[in-house]
Amino acid sequence: MTTLPTTEGTPAPTGSDPFLSVRDLHVRFSTEDGIVKAVDGLSFNLERGQTLGIVGESGSGKSVTNLAVLGLHNPKSTSISGEIRLDGQELTGAREKTLEKLRGNKMAMIFQDALTALSPYYTVGRQIAEPFMKHTGASKREGRQRAIEMLTKVGIPQPSLRVDDYPHQFSGGMRQRAMIAMALVCNPELLIADEPTTALDVTVQAQILDLLKDLQQEFGSAIILITHDLGVVADTADDLLVMYAGRAVERGSVKEILTQPQHPYTWGLLSSMPRLSSDVDEALYPIPGSPPSLLNPPSGCAFNPRCAFPAEVSGGLCTEQRPTLPDGRAAACHLSTEQRQTFFTEQIKPRLG
Ligand SMILES: Nc1ncnc2c1ncn2[C@@H]1O[C@H](COP(=O)(O)OP(=O)(O)O)[C@@H](O)[C@H]1O
Ligand SMILES: [Mg+2]
């Protein structure tokens, strides 16, 4: 069993904290219908130069977690507790002024949809230059120069002409690149990419992921890559956090999770995912049911209503007691290690081909 840099309770290298450390994070929204527990006790670490993939179906709390890291939730309707430390600095409860200094500078986010993230009214170049000018005090001319440099970096052809284009003059893939340029313009040490390739076709998707890897090599940034698609993280991330209903259900290195997944939910994600080396008539196994309401989540393990294995656990534990996620390479599940080994080998692995 390997010890991972992104694990709860793993001792940090002597004399230094993890670069990003999230501890027992809770994010709750007050709504007309009640309190939505969107993130419910989440912990993870991330080191510089590393990529953490966060995977899980839609609604599992991936975006809410990362918006909390960036301090982008509306304080009026959101209650946040727990610890978020970036490079030793506590971010939960930090003043808006402090967060503003960090956002777009030390930490930046690439959103899923470039079309809504970019303003239609300003040129691409101006939008890339703006955070640079704001955080470095650079002049307009220097900002424009920097925008051209960034457009070159992300592979936009004829950057000194395209810098004056408006977003609608760019293709979808180019807009996504422009947004990456905007996120990276101040060389952020933490980059959060929220489903950065979901709207793109497979070829452009691969190019964007390569680009992120190259830029990480150049800047040594820490990256959080959020996706509902395990295929996306397979080649890009070092470690994975699998989220379900606002909690982490499994964590490990990408290799461990793809070859020896331990949680029935992860088994479900893998079995429902098309494989690259697939036969034409290969069957997929969708996870039955849908994610639970976060207003009133199921008791015990939140995954129990969709899980095939609660009957294997004695004492009705799965419906009564919430499994915890132990430190290190682990899964939050009441099945014993031996049971998981057996069920995975006999029932799940044959499906994965
Ligand atoms: N501002 C909000 N108010 C109320 N509920 C919200 C708000 N933002 C997100 N949610 C809910 O929180 C849950 C997690 O959302 P999100 O983090 O966006 O999921 P995803 O894993 O798809 O990124 C969802 O059930 C979503 O409906
Ligand atoms: Mg999301």
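Read the numbers this way: they start at 1 and go in the same order the structure lists the ligands and their atoms.
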Cation-pi geometry met for Arg175 and Phe170 (6.0 Å, 45°): no
Steps toward salt bridge (Lys or Arg N to Asp or Glu O under 4.0 Å) verdict (Asp239, Arg251): CA-CA 7 Å; Asp239 297 321; Arg251 102 161 77 63; over 6 Å; no
Quick one: which residue pairs count as a side chain to side chain donor-acceptor pair (under 3.5 Å) with a foot in residues 143-158, not counting sequence neighbours? Arg144-Asp164, Arg146-Glu149, Arg146-Asn187, Lys153-Glu218
Salt bridge between Glu100 and Arg95, side-chain N to carboxylate O under 4.0 Å? no
Write out the protein residues near ligand 1, meaning a non-hydrogen atom under 4.0 Å from one of its atoms, in order of chain and number. Phe29, Thr31, Ala38, Glu57, Ser58, Gly59, Ser60, Gly61, Lys62, Ser63, Val64, Leu294
Do any N/O/S atoms of Ser58 come under 2.8 Å of the Mg ion (ligand 2)? no
Donor-acceptor pair between Arg23 and Asn45 side chains, under 3.5 angstrom: yes
Gap between atom NE2 of His26 and atom NZ of Lys37 - 0.5 Å precision: 8.0 Å
